[in-house]
Protein chains: 2
Amino acid sequence: MRLSKRGEYGLRAMILLADAQKNSPTGMTQIKEISAREEIPAKFLEQILLALKNAGLVHSKMGIGGGYYLARASKEITLGQIFRTLDGPLAPVKCVSQMAYEPCGCPDEETCGLRMVMGDVRNAISNILDNTTLAAVVKRVEAARA
Amino acid sequence: MRLSKRGEYGLRAMILLADAQKNSPTGMTQIKEISAREEIPAKFLEQILLALKNAGLVHSKMGIGGGYYLARASKEITLGQIFRTLDGPLAPVKCVSQMAYEPCGCPDEETCGLRMVMGDVRNAISNILDNTTLAAVVKRVEAARA
DNA sequence: CTAAAAGTCTACTAATGTTATAGGATTTAT
DNA sequence: ATAAATCCTATAACATTAGTAGACTTTTAG
């Protein structure tokens, strides 16, 4: 049940961008700054941010003084959206995926006990990640710092 | 967030063994029968059952008329135990794992927003898998069949 | 006692996925 | 024009996964 480094780095970067949004209007931040502050390999982060950009979650500005910033207010972006962009479906098995259903190979899906339980697991994960916004995470971090 | 085939096959096999326990005292079943009924490659299943045996979750009997059976009553075995044996820790990131903690590389664990949320995810998964027994799964399957 | 039926155990392989790194192309401010 | 930044694609090194192969051991039936 592991989160990939790609997903981890991407989520951490997005939380940083959400935090930056509070200091300046857009919160535009350069790759190298995110990379330095979060200790993420810069060229790897570049690919990740590009994927998030293509998914419409961040915008960017090229050239001198450019950088990345959230495409929407931080309370309009959920961790679930970021996760799915970088790591694919939340569901532990494809046969309970809402976004990318596929049969998993059990003889009868309707009476597959594993499928029932994994459906619960998927819903539990979704209830957290699809209902947690970047703004909520930033708020929680501030509470922890206090 | 994917369950491996190894984990999937192992969980399905264990649910079958739990069901078999209701028909005969031990519910002893041969690899080839599990393999046929669950459509799992026999030699792969062999390795999986061996791992479950070494973890003390099933017992076996060699020779003619042998097979595998649950080491305890089906209500004494949780899906969490099986999952961990075959796929490792439940936690999406090591820094929130109860069984196998390791730092994940964020600059400060105490104020890492991702870590907080992933802690919640781990707990949600654990609440399901560590509280669901094989007996409960079998019961649920029967309810679905009715 | 022997042969067949079952699990035991280890090694190997092919395919895939992960985690990067490299380097040129493009855009923008000065 | 130049420097600073993102854009984009390729590729390499490594790890994991899913499965296969085969020799070995134990047990029972005859």
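Letters go in sequence order (proteins before strands), and every chain restarts at 1.
Cys104(A) pairs by the disulfide (SG to SG under 2.5 Å) definition with Cys95(A), not counting sequence neighbours. The side chain to side chain donor-acceptor pair (under 3.5 Å) test applied to Thr132(B) returns no partner, not counting sequence neighbours. Taking the salt bridge (charged side-chain N to carboxylate O under 4.0 Å, His left out) definition, one finds that Lys94(B) meets it with nothing, sequence neighbours left out. With sequence neighbours excluded, the residues that form a ring pair (Phe, Tyr, Trp, His ring centres under 6.0 Å) with Tyr9(B) are Phe44(B). Legend: residues meeting side chain to side chain donor-acceptor pair (under 3.5 Å) with Glu46(B), ordered by chain and number and at least two apart, are Lys43(B).
Looking at every heavy atom in both residues, Thr29(B) comes nearest to Leu16(B) through CG2-CD2, 4.2 Å. Here the closest non-hydrogen pair linking Gly66(A) and Gln30(A) is O-CG, 3.2 Å.
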Inset, instruction - Determine, step by step, whether Leu3(A) and Leu11(A) satisfy the side chain to side chain contact (heavy atoms under 4.5 Å, CB included) criterion, reporting the C-alpha distance in whole Å, the side-chain angles of both residues, the deciding distance to 0.1 Å, and the verdict. - result: CA-CA 10 Å; Leu3(A) 175 67; Leu11(A) 285 159; 4.2 Å; yes
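For Arg2(B) and dT18(C), the shortest distance from a side-chain N or O to OP1 or OP2 is not below 4.0 Å.
Straight-line distance from the NE2 atom of His59(A) to the P atom of dT27(C): 18 Å, rounded to whole Å. Atom pair Phe44(A):CZ and dA20(C):C1' shows a separation of 6 Å (rounding to whole Å applied). Here the P atom of nucleotide dA5(C) and the CD atom of Gln30(B) are 11 Å apart, to the nearest Å.
Atom CZ of Arg2(B) is surrounded by 12 or fewer heavy atoms from other residues, nucleotides or ligands within 6.0 Å.
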Legend entry - Base versus backbone protein contacts along nucleotides 8-14 of chain C [heavy-atom cut-off under 4.0 Å; B, S, -]: BB-B---
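Applying the side-chain hydrogen bond (donor to acceptor under 3.5 Å, both in side chains) test to residues at least two apart or on different chains, the pairs with a partner in residues 69-78 of chain B are Arg72(B)-Gln81(B). Pairs engaging residues 53-62 of chain B under the side-chain hydrogen bond (donor to acceptor under 3.5 Å, both in side chains) rule: Lys53(B)-Ser60(B) [sequence neighbours left out].
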Indicate every side-chain donor-acceptor pair of residues 119-129 of chain A with a distance under 3.5 Å to a residue at least two apart or in another chain.
unit_1	atom_1	unit_2	atom_2	d
Asp120(A)	OD2	Arg140(B)	NH1	3.0
Asp120(A)	OD2	Arg140(B)	NH2	3.4
Asn123(A)	ND2	Gly119(A)	O	3.3
Ser126(A)	OG	Asp130(A)	OD2	2.8
Asn127(A)	ND2	Asn123(A)	O	3.3

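In the region residues 92-105 of chain A, proximity to DNA chain D at under 4.0 angstrom, judged on heavy atoms, holds for none of the residues. Of the residues in residues 4-13 of chain A, those with a non-hydrogen atom less than 4.0 angstrom from any atom of DNA chain C are Ser4(A), Lys5(A), Arg6(A), Tyr9(A).
Taking OG of Ser4(B) as the reference point, atom CD1 of Ile48(B) lies at 8.0 Å (rounded to 0.5 Å).
Chain B approaches DNA chain D within less than 4.0 angstrom (heavy atoms of the protein), and the contacting nucleotides run 5' to 3' from dA18(D) to dT28(D).
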